Amino acid sequence: MQGLVEFIGRDSELALLHERWALACDGEGQVVLLSGEAGIGKSRICQVLRERLAGESVATVLLQCSPYFSSSALYPVVQHLEHAAGMAPADSPGDRAHKLERLAGPLPATSLGCLLRLVGLPDGGRSLPGSASPQEEKAYTLEALIDLLQQLSEQQPVLFLVEDAHWILQEVHRRLRLSSSDPGTGGARMPRMISGVPESIDSESRCDSWSLRA
């Protein structure tokens, strides 16, 4: 397999990303929207940034979106949760639930229940109050995910990458982006870096995010 070509000509873009990273490490939540046509090098910029931060104390959360799972907007989140919790294919449902509970830490029981249901596990009676609609369930689940990221950012800076974000629902994309301005997450040490093709990222996200064209 051929190696990657030499990375040149992106010094200004990387300098901006390092600047945003430094601000996030100081407690100023940041969002960078990296947009450009397919194949132009967005993922490579993300990779080089990760390599240059390798010597720092940083947790990386990568959501890799895909056209094969575009009908299930939270599939990349499920993948991340299973990986972060250390789940293995041979694990029993009980073992998987225990690992996810350990990952969730002090999250409220209802939030843990949302995460358990998201990965297809019984919630152990940790249901939402009343008869929540599917939309309410989705909203509570997104809030639980944001709280989990916030919890992680309190331990160390978090580099949160959403690659090929045009394959996830705009509702999910906007919620992940807007979390940087929420009172509870505004000071999080967590820059959100979202990549995608420009025609598929909504105009609201482009205007309200720090935009960088690849």
Side-chain angles (χ1 to χ4, degrees), residues 1 21 24-25 29-30 43-44 46-128 137-165 167-169 172-173 175-177 179-180 184-185 188-195:
M1 182 173 63
W21 171 255
C25 289
Q30 301 291 310
S43 294
R44 186 69 196 283
C46 295
Q47 178 187 354
V48 171
L49 177 64
R50 293 176 65 185
E51 291 172 353
R52 296 189 181 185
L53 295 177
E56 301 185 22
S57 175
V58 51
T60 299
V61 175
L62 172 62
L63 303 186
Q64 179 60 66
C65 307
S66 167
Y68 300 108
F69 302 102
S70 58
S71 61
S72 179
L74 292 181
Y75 179 79
V77 177
V78 174
Q79 281 191 312
H80 168 71
L81 289 175
E82 291 177 341
H83 173 74
M87 296 182 188
D91 286 343
S92 68
D95 288 338
R96 290 167 63 86
H98 177 70
K99 289 180 177 180
L100 185 57
E101 184 174 358
R102 185 171 55 194
L103 177 69
L107 286 184
T110 52
S111 296
L112 175 58
C114 288
L115 299 182
L116 287 166
R117 291 190 295 275
L118 178 62
V119 300
L121 292 171
D123 62 17
R126 304 177 183 89
S127 56
L128 294 172
E137 173 81 19
K138 181 187 296 183
Y140 275 107
T141 300
L142 290 175
E143 288 298 329
L145 293 168
I146 295 299
D147 289 344
L148 188 61
L149 286 170
Q150 168 71 10
Q151 185 174 281
L152 181 59
S153 74
E154 291 171 355
Q155 303 169 20
Q156 61 183 324
V158 177
L159 179 61
F160 180 40
L161 301 171
V162 183
E163 291 212 39
D164 297 329
W167 294 117
I168 65 174
L169 293 176
V172 176
H173 173 210
R175 186 65 193 92
L176 293 174
R177 174 182 55 79
S179 66
S180 64
T185 62
R189 296 182 297 169
M190 180 170 54
R192 298 146 179 87
M193 190 168 170
I194 302 168
S195 75

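Values reported hereafter were calculated over all heavy atoms of this structure, with side chains retained and with hydrogens, waters and symmetry mates removed. Since the model is a prediction, treat every value here as computed from it, not as a measurement.
- Pairing each heavy atom of V78 with each of L118, the nearest pair is CG2-O, 3.6 Å.
- One distance of note links CG of L100 with CG of D95; it measures 12.5 Å at 0.5 Å rounding.
- The OG atom of S43 sits 6.0 Å away from atom CD of Q64, with the distance rounded to the nearest 0.5 Å.
- Considering all non-hydrogen atoms of both residues, R102 and A85 come closest at NH2-O, 4.4 Å.
- Distance check, rounded to the nearest 0.5 Å: CG of L149 to NE2 of H80 gives 6.5 Å.
- Within the 4.5 Å cutoff, side-chain heavy atoms of L159 are placed close to those of L49.
- In this structure, the side chain of K99 engages the main chain of G86 through a donor-acceptor pair within 3.5 Å.
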Chi angles and distances behind the side-chain contact (heavy atoms from CB on, under 4.5 Å) call for L81, L148: CA-CA 10 Å; L81 289 175; L148 188 61; 3.7 Å; yes
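- Here Q155 contributes atom CD and Q150 contributes atom CD; the two are 11.0 Å apart, rounded to the nearest 0.5 Å.
- Considering all non-hydrogen atoms of both residues, C114 and L128 come closest at SG-CD2, 4.0 Å.
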side-chain contact (heavy atoms from CB on, under 4.5 Å) between L53 and W21, intermediate numbers included: CA-CA 10 Å; L53 295 177; W21 171 255; 3.6 Å; yes
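- Side-chain contact between L115 and L107 is present, with at least one heavy-atom pair separated by less than 4.5 Å.
- Taking Y75 as the reference, F69 meet the ring-ring contact (aromatic ring centres under 6.0 Å, His included) condition, with sequence neighbours excluded.
- Applying the side-chain hydrogen bond (donor to acceptor under 3.5 Å, both in side chains) test to pairs two or more places apart or on separate chains, those with a residue in residues 112-123 are R117-D123, R117-E137.
- Counting only distance, with no hydrogens or angles, the side chain of E163 and the backbone of L62 share no donor-acceptor pair below 3.5 Å.
- Closest approach of S127 and T110 over heavy atoms only: O-CG2, 3.7 Å.
- Here the shortest heavy-atom pairing between R50 and L161 reads CD-CD1, 3.5 Å.
- Shown here for M87 and R96, the closest heavy-atom pair between the two residues is CE-O, 3.4 Å.
- Atom CG of L121 is separated from atom NE2 of H98 by 13.0 Å, given to the nearest 0.5 angstrom.
- Note that CZ of F160 is 6.5 Å distant from CD1 of I146, once rounded to the nearest 0.5 Å.
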